[in-house]
Amino acid sequence: MVTGVVDYKAGNLKSIENALKNLNADFIISDDPKKLKNCDKLIFPGVGEASSAMRNLSKYGLDQFLREYAKKGNPLLGICLGTQIILSWSEEGNTECLNIVDGKVQLFDKNMGLKIPQIGWNTVRYVKPHYLFKDIPNHSSFYFVHSYYPNVKKEFTIGECEYGIAFTCAISRDNICALQFHPEKSGRHGLKLINNFLKGE
Amino acid sequence: MFLKRIIVCLDVRDGKTTKGIKFKGNVDIGDPVEMAEKYYKEGADELVFYDITASAENRGIMIDIVEKVAEKISLPFTVGGGIATTDDIRRVLLVGADKVSINSQAVKNPSIIEEGASLFGRQCIVLGMDALADRAMPSGYRVVINGGRTPTELDALEWAKQAEKLGAGEIVLNSIDTDGVKQGYEVNLTNIISSNVGIPVVASGGGGKPEHLSDVFIKGKADAALVASMVHYGYYSIKEIKEYLKKCGIPVRLDW
């Protein structure tokens, strides 16, 4: 069972790499669709800006690859910017994203007196049971760093949290899962969640 | 529920954690990698490492430390001290740091914030600011650099606003007046800055007991607070601090 980590030069993959090493996972990190397509599951991370991320994905041919991989039915986990890119459109740079899961990405409302970016720990409320949450208590805290948040249909929301408004921070549709927070930076609960993804349903 | 962060600060000199009082008279207190692991297990929400190594030839030691820390802990951490160029930023981020804190160098060359934010994202560019009470300044506080030794002409609030515009994602605000003396954070300074910028503000300098943290969270409107002496010397555990804050009605992370 090999997990592929998609490297599209959007931020740093060191913490994902360290987390996977600590979990003794069998994984590769690659920007090459030919190598990634043989992986049993994929992690699609990323930190940075949406429009330049889309440009990089297309440069490596990873945009088309990800759409095809998602259709195959193998598990795919988006993290942070990866999560936003999986959706249809982002307000950040008015960017057309991969449209793997229907939804949009919006900026937190500055007029609400919120500090933006949201930087720090927030508790996640489970909306539906999901294998990613196995053995992690409801309302556990996870680490967030973001200015934009996912807005998806209720049916795709598995976890929510509050930052001025209630927003979706964990998404699932068929084989696709996506998280706005950083499990690789969220202590033992985060590592457990990544391990749940590696083990599968 | 969004939680207030307790950030443990480790000053590192020549590969050892050290602690000074008002930026002077440092003593070594341990190995930074071991200390990082200890605080990770004891419930710190984040860590900050300041490289206060004086000599250029020993700077490489810090990169090794950052790499080892990133391997051992699943927790966000910031590295500061001696970061002057985008290459310095890249070097630290590539070995696993989440953010860099830029202080004196940002005053000398503000474009480093702008360039850093556009290359790596504003979430990883932290403005470190040392401020000193000074009635001659519009906000009542003057920015000082070079570890508090050199006063500048910058007003603390103006500089904070400018750094936000340039692309800083967070401000670590250190009061020179209260640093290392454990008599409480500069609540007034923290409030002035935190109420007037749209990015998170981390209070630093003066935390000596849990009451100081509740003060700076409630009255100072801080988004996070840095602790050093009070945990390094074992006066309080992070758990004790957080349990106290919880009793005061301040939301904190207790499920590490």
Asker: I want to check something: taking the side chain as every heavy atom from C-beta on, are B:Pro76 and A:Trp121 in contact at a cut-off of under 4.5 Å?
Answerer: yes
Asker: For B:Glu71, is there any backbone N or O sitting under 3.5 Å from a side-chain donor or acceptor partner on A:Asn22?
Answerer: yes
Asker: At under 4.5 Å between heavy atoms, what parts of residues 212-228 of chain B are in contact with chain A? List them by residue number.
Answerer: B:Asp223
Asker: Do A:Tyr143 and B:Arg253 make a side-chain contact, defined as non-hydrogen atoms from C-beta onward lying under 4.5 Å apart?
Answerer: no
Asker: Give a yes or no on this: more than 12 heavy atoms of other residues, nucleotides or ligands lie within 6.0 Å of atom NZ of A:Lys199.
Answerer: no
Asker: Between A:Leu13 and chain B, with a heavy-atom cut-off of 4.5 Å, which part of the residue counts as in contact: side chain, backbone, both or neither?
Answerer: neither
Asker: Is chain B contacted by the side chain of A:Glu49, its backbone, both, or neither, given a heavy-atom distance below 4.5 Å?
Answerer: neither
Asker: Just give me the residue among A:Gly190, A:Pro183, A:Ser140 that pairs up with chain B most often, heavy atom to heavy atom, under 4.5 Å.
Answerer: A:Ser140
Asker: Under a 4.5 Å heavy-atom cut-off, does chain B meet the side chain of A:Leu191, its backbone, both or neither?
Answerer: side chain
Asker: Answer with side chain, backbone, both or neither: which region of A:Ser141 has an atom nearer than 4.5 Å to a non-hydrogen atom of chain B?
Answerer: both
Asker: Are any non-hydrogen side-chain atoms of A:His139 and B:Asp255 less than 4.5 angstrom apart?
Answerer: no
Asker: Which atoms of B:Val95 are under 4.5 Å from chain A, going by heavy atoms: the side chain, the backbone, both sets, or neither?
Answerer: backbone
Asker: Do A:His182 and B:Asp98 touch side chain to side chain, with heavy atoms closer than 4.5 Å?
Answerer: no
Asker: I'd like to know if the side chain of A:Lys185 and the backbone of B:Leu75 have a donor-acceptor N/O pair within less than 3.5 Å.
Answerer: yes
Asker: With a 4.5 angstrom heavy-atom cut-off, could you sort out which part of A:Lys14 is near chain B: side chain, backbone, both or neither?
Answerer: side chain
Asker: Where does B:Ser194 contact chain A at under 4.5 Å (heavy atoms): side chain, backbone, both or neither?
Answerer: both
Asker: Let me know if B:Tyr40 has heavy atoms under 4.5 Å from chain A in its side chain, its backbone, both or neither.
Answerer: side chain
